[in-house]
Structure formats: C-alpha cells, structure tokens
Protein chains: 2
Amino acid sequence: MAEGGAGPGGGESLLFLTDEQLRKGIEAMFFAYRGFTADPDRILERYEYGRAHHRALHFIHRSPNTTVNNLLSMLGVTKQSLNRVLRTLIEDGLVESRVGRKDKRERHLVLTDKGAQLERELSEAQRGRMRAAYRAAGPQAVAGFRQVLEAMMEPDMRRQYQKLRDGGA
Amino acid sequence: MAEGGAGPGGGESLLFLTDEQLRKGIEAMFFAYRGFTADPDRILERYEYGRAHHRALHFIHRSPNTTVNNLLSMLGVTKQSLNRVLRTLIEDGLVESRVGRKDKRERHLVLTDKGAQLERELSEAQRGRMRAAYRAAGPQAVAGFRQVLEAMMEPDMRRQYQKLRDGGA
DNA sequence: TTGGAAAGTCAACAAGGCTGACATAAAATA
DNA sequence: TATTTTATGTCAGCCTTGTTGACTTTCCAA
C-alpha cells in the first residue's frame with residue numbers, strides 16, 4: 001500500500017504519499033479543526049448558542065435571502081435538525097424568515113441587524129486565527145492548503161463550495 | 001480590516017489575506033472536514049461505533065501502551081466521555097487495558113488483533129481519500145496544506161501534534 | 001382539481017460532549 | 001508512618017445536535 005521513492009513516472013518524488021505522511025495529514029486535520037472552531041465556540045458559549053447556530057448564521061450571511069432548502073443542502077443536516085436551530089434564531093430576533101414572493105411556500109432567510117452583529121463577532125474571531133495562520137504560512141502555502149482541501153471534499157460539497165467561491169465574491 | 005494590494009513591505013501581494021479570501025478558507029475547512037470523516041463514518045455505522053471510537057482507536061494505534069491520561073490530553077475530552085467509549089472497546093475485545101508495571105495506577109492501552117483490524121479498515125478508507133487529494137494537488141500543495149493547518153492549531157494541540165509527527169514516525 | 005413539492009411540527013431516540021460526586025489504589029511526601 | 005496527591009473508574013444527570021417517522025399546511029403546476 002505504501003508508495004515510496006522517486007518514481008519513474010513524472011520524475012517527482014512520491015514520498016509525500018507514504019502512509020506515514022498521510023497519517024500525519026490526518027492528524028493535522030484533526031488538531032487543526034479544533035483550533036478552527038475554538039474561538040467561535042468560546043463566544044457562542046456566552047450567548048448560549050452552539051456550533052450549529054454559527055453555521056446557520058454564516059451561510060445566511062453569505063447567501064442572503066437563501067431558502068431553507070438551500071441552507072439544508074449546504075449544511076448537510078436534516079430539516080428537523082436545522083429547524084430547531086433556526087427557530088431559536090428567529091425567536092431571538094437574529095434571523096428573519098420571509099415568505100417567498102414568487103413561491104409562497106418558500107421561506108427566504110436574512111440576518112437582522114442583531115444577527116449580523118453576532119455573525120460579525122464570530123466571523124472576526126475565526127478570521128483572526130485564519131489570518132494569523134495564513135500570514136505565518138505565506139501565500140504559496142495558502143494556495144496549497146486550499147487545493148488539498150478542495151480535493152478532499154465529496155463531489156456535491158465541492159460543487160456547493162465552488163458556487164460560493166466563484167459567485168459569492 | 002481588509003488588506004489588499006501589493007504592499008511595499010516585502011514586495012509580496014497581500015491579497016491572500018483579504019476577508020473574502022479568509023472566508024473562503026473557512027468554508028473550505030468546513031466542507032473538507034465533512035469529506036475527511038465521511039468514509040470512516042460509513043464504516044463505523046456497520047459496526048455500531050461512532051467517531052469517538054475511531055479517534056480512540058487511531059491514537060492507541062499511533063501510541064501503543066499510552067496511558068488513559070495521555071489519551072485524554074490528545075483527544076481533549078473529559079475522562080467520563082472517553083471512559084464510555086473505552087469501556088465498550090475493551091468489552092468488545094478491540095482494546096486491552098494493562099495495569100502499569102512501574103506505576104500500578106496507570107492503565108496502558110493497546111489494540112488487540114481485532115482492534116488493529118478495525119483500525120486498519122478505518123484508516124485505509126481515510127488514507128485513500130487523503131491520498132487521492134494529495135495526488136491531485138501535488139507535493140508542493142501538500143506542504144502548504146500542512147503548514148497552514150499547523151499554524152491554525154492551538155498551542156497545546158500543536159505540541160501534541162509535533163510530538164507525534166516527529167517521534168511517532 | 002388534484003398530485004406533488006416545500007416547509008413546518010411533533011415525538012422519540014442516540015451519540016457524544018459536559019459537570020459533579022464519589023471510590024479505590026498507589027505513589028509521593030510531610 | 002500518616003497524609004496528601006495522582007490516576008483511574010463509575011454513577012447520575014444534563015445539553016446539543018444529529019437521526020427517523022408520521023403528519024399537516026400551503027400552494028404551484030399539470
């Protein structure tokens with residue numbers, strides 16, 4: 001299973017594909033994801049919200065007026081699970097649910113000022129860490145980081161991601 | 001907050017540090033982590049285990065004879081939470097808990113053959129995706145990927161990671 | 001007008017985090 | 001030696017966030 005040594009095909013060293021290297025990458029993902037969520041988690045605690053609320057706020061901010069179904073396919077959870085989170089956000093006045101103009105079955109979701117404020121607080125904390133990591137690693141490393149992450153996604157998620165990446169700018 | 005344009009300091013473009021780029025990185029992490037866990041999750045379902053079991057198996061494989069306390073600081077959970085998982089793994093004969101020779105308070109954990117077998121199955125699935133992503137992105141991208149992830153970790157987690165990375169090879 | 005899609009709701013359940021309290025054994029120390 | 005500290009395990013109970021299944025309401029479109 002392990003592939004090592006400089007292969008004849010391409011002339012590039014394939015040492016980076018050894019099982020040992022792959023295991024290190026797996027551990028890096030595990031530990032890094034903890035850092036990735038650490039700052040928002042601390043903030044959310046103060047507001048008595050959880051990660052699920054953060055994710056909803058993030059994607060509603062990113063795609064204002066998105067429908068519940070859209071949001072569901074982004075988040076990859078069941079509507080029952082999302083609904084619980086969404087209900088509290090609406091009750092607490094962070095999110096507004098607007099009946100669709102064309103299709104009145106649909107609910108279009110937008111952040112209220114209060115919701116935008118919390119989203120900003122969470123996002124700023126998360127971006128702060130990201131920015132520090134990016135700066136420390138440098139632009140070339142960042143490009144590689146993004147490439148590997150994208151290649152790791154499941155195809156449907158990759159499509160979701162690319163839509164945001166290209167259109168949402 | 002956003003920094004753009006080619007700065008005078010260093011001559012390198014800082015466009016990769018814009019809030020927009022950081023947001024894309026955040027989304028990439030989110031979607032990629034789902035892919036990262038998808039294959040093991042499918043396998044675990046068949047065995048009626050969860051992600052927590054996978055993590056325990058991974059780190060016991062990685063550091064055989066590790067103590068419970070060591071494992072706790074790797075995983076960053078409470079002993080009660082780990083204990084529940086560990087107990088089922090021991091009951092099911094995947095993990096063996098050995099009383100320490102020097103310090104008899106300690107329990108040293110090792111995988112049984114059965115445990116090693118499941119660990120291998122999970123790991124092979126996860127490495128398979130990792131390998132494909134690495135191959136698609138190339139060695140330079142992989143180096144960048146690892147750099148950014150490492151810079152993103154919380155300091156104690158980074159220490160844990162580096163200990164494994166350097167010693168565990 | 002009727003079928004089906006979009007959305008919401010209720011109930012029940014599971015995994016896997018958490019805290020707090022307590023027990024035991026053994027090591028370390030006063 | 002007596003006491004304290006450490007490592008571990010365990011019980012009880014709580015929370016978040018995921019799941020499935022069943023059912024209703026709304027309303028677009030054929």
Side-chain angles (χ1 to χ4, degrees), chain A residues 30 33-34 37-38 40-60 65-92 95-110, chain B residues 30 33-34 37-38 40-60 65-92 95-110:
Chain A
F30 171 67
Y33 199 78
R34 294 250 294 277
T37 56
D41 281 356
R42 274 187 281 269
I43 294 168
L44 288 160
E45 234 174 85
R46 294 208 306 271
Y47 293 90
E48 310 216 270
Y49 290 130
R51 250 179 235 183
H53 299 86
H54 180 195
R55 291 198 285 261
L57 290 175
H58 174 97
F59 285 110
I60 295 171
N65 280 300
T66 190
T67 65
V68 172
N69 255 2
N70 266 335
L71 200 52
L72 279 177
S73 63
M74 296 269 211
L75 296 170
V77 297
T78 58
K79 62 174 177 172
Q80 293 89 335
S81 194
L82 174 59
N83 194 256
R84 178 170 35 199
V85 165
L86 223 40
R87 205 186 323 156
T88 71
L89 291 175
I90 291 168
E91 276 170 11
D92 295 354
V95 169
E96 202 186 320
S97 167
R98 296 177 182 160
V99 173
R101 270 187 313 137
K102 269 195 68 173
D103 185 338
K104 292 178 193 164
R105 293 167 301 178
E106 294 180 344
R107 304 300 144 95
H108 297 266
L109 304 167
V110 285
Chain B
F30 171 68
Y33 200 79
R34 295 250 295 277
T37 56
D41 282 356
R42 275 188 279 269
I43 294 168
L44 288 160
E45 234 174 86
R46 295 210 306 272
Y47 292 91
E48 311 215 89
Y49 289 132
R51 250 179 234 182
H53 300 85
H54 181 195
R55 290 197 285 260
L57 291 174
H58 174 97
F59 284 110
I60 295 172
N65 279 300
T66 191
T67 64
V68 172
N69 254 0
N70 265 334
L71 201 51
L72 279 177
S73 63
M74 296 271 210
L75 296 170
V77 296
T78 59
K79 63 174 179 171
Q80 294 91 331
S81 195
L82 174 59
N83 193 257
R84 178 169 36 197
V85 164
L86 222 41
R87 205 187 322 161
T88 71
L89 290 175
I90 291 169
E91 274 169 12
D92 296 354
V95 168
E96 202 186 320
S97 166
R98 294 175 183 161
V99 173
R101 270 187 312 137
K102 269 194 70 175
D103 186 333
K104 291 176 192 165
R105 290 169 305 178
E106 294 180 341
R107 303 301 145 92
H108 297 268
L109 304 167
V110 284

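Every chain is numbered from 1 and lettered A, B, ... according to where its sequence line falls, protein lines coming before strand lines. Both backbone and side-chain heavy atoms feed into the values below; hydrogens, waters and symmetry mates do not.
Within residues 46-55 of chain B, the residues that have a heavy atom under 4.0 Å from DNA chain C are, in order of number, B/Gly50, B/Arg51, B/Ala52, B/His53, B/Arg55.
Residues satisfying the ring-ring contact (aromatic ring centres under 6.0 Å, His included) criterion with B/His53, sequence neighbours excluded, are B/Tyr49. With sequence neighbours excluded, the residues forming a salt bridge (charged side-chain N to carboxylate O under 4.0 Å, His left out) with B/Arg42 are A/Glu154, B/Asp39, listed by chain and number. With sequence neighbours excluded, the residues that form a ring-ring contact (aromatic ring centres under 6.0 Å, His included) with A/Phe30 are B/Phe59. For A/Arg51, the side-chain hydrogen bond (donor to acceptor under 3.5 Å, both in side chains) partners are A/Thr37, A/Asp41, not counting sequence neighbours. Here B/Arg84 pairs with nothing under the side-chain hydrogen bond (donor to acceptor under 3.5 Å, both in side chains) rule; sequence neighbours left out. Listed by chain and number, the residues in a side-chain hydrogen bond (donor to acceptor under 3.5 Å, both in side chains) with A/Arg46 are A/Glu121 (sequence neighbours excluded). The salt bridge (charged side-chain N to carboxylate O under 4.0 Å, His left out) test applied to A/Asp92 returns no partner, not counting sequence neighbours. With sequence neighbours left out, the side-chain contact (heavy atoms from CB on, under 4.5 Å) criterion links B/Arg87 to B/Asn83, B/Glu91.
D/dA7 atom C1' lies 14 Å from atom CG of B/Leu86, rounded to whole Å. With rounding to whole Å, A/Leu82 atom CG is found 16 Å from D/dT16 atom P.
Of the side-chain N and O atoms in A/Ser81, none sit less than 4.0 angstrom from OP1 or OP2 of D/dT17. OP1 or OP2 of D/dT8 has not a single side-chain nitrogen or oxygen of B/Asn83 nearer than 4.0 Å.
With a cutoff of under 4.0 Å to any heavy atom of chain A, the contacted region of DNA chain C is bounded 5' to 3' by C/dG4 to C/dC10.
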Nucleotide-resolved protein contact map, nucleotides 24-30 of chain D, B/S/- at heavy-atom distance under 4.0 Å:
--BBS--
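Between the side chain of A/Arg84 and the base of D/dG18, at least one donor-acceptor pair of N or O atoms lies under 3.5 Å. A donor N or O paired with an acceptor N or O is found under 3.5 Å between the base of D/dG21 and the side-chain atoms of A/Gln80.
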Going through the distances and angles, do B/Leu109 and B/Leu86 end up as a side-chain contact (heavy atoms from CB on, under 4.5 Å)?
CA-CA 10 Å; B/Leu109 304 167; B/Leu86 222 41; 3.8 Å; yes
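You'll find the side chain of A/Asp103 stays beyond 4.5 Å of the side chain of A/Thr67, heavy atoms only.
Each of A/Lys79 and B/Thr67 was matched to the nucleotide of DNA chain D holding its nearest heavy atom; the match closer to the 5' end belongs to B/Thr67.
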Could you go through residues 68-82 of chain A and list every donor-acceptor pair under 3.5 Å that involves a side-chain atom there, pairing it with any protein atom two or more places apart or in another chain?
residue	atom	partner	partner atom	Å
A/Ser73	OG	A/Asn70	O	2.9
A/Ser73	OG	A/Gln160	NE2	3.3
A/Thr78	OG1	A/Ser81	N	3.3

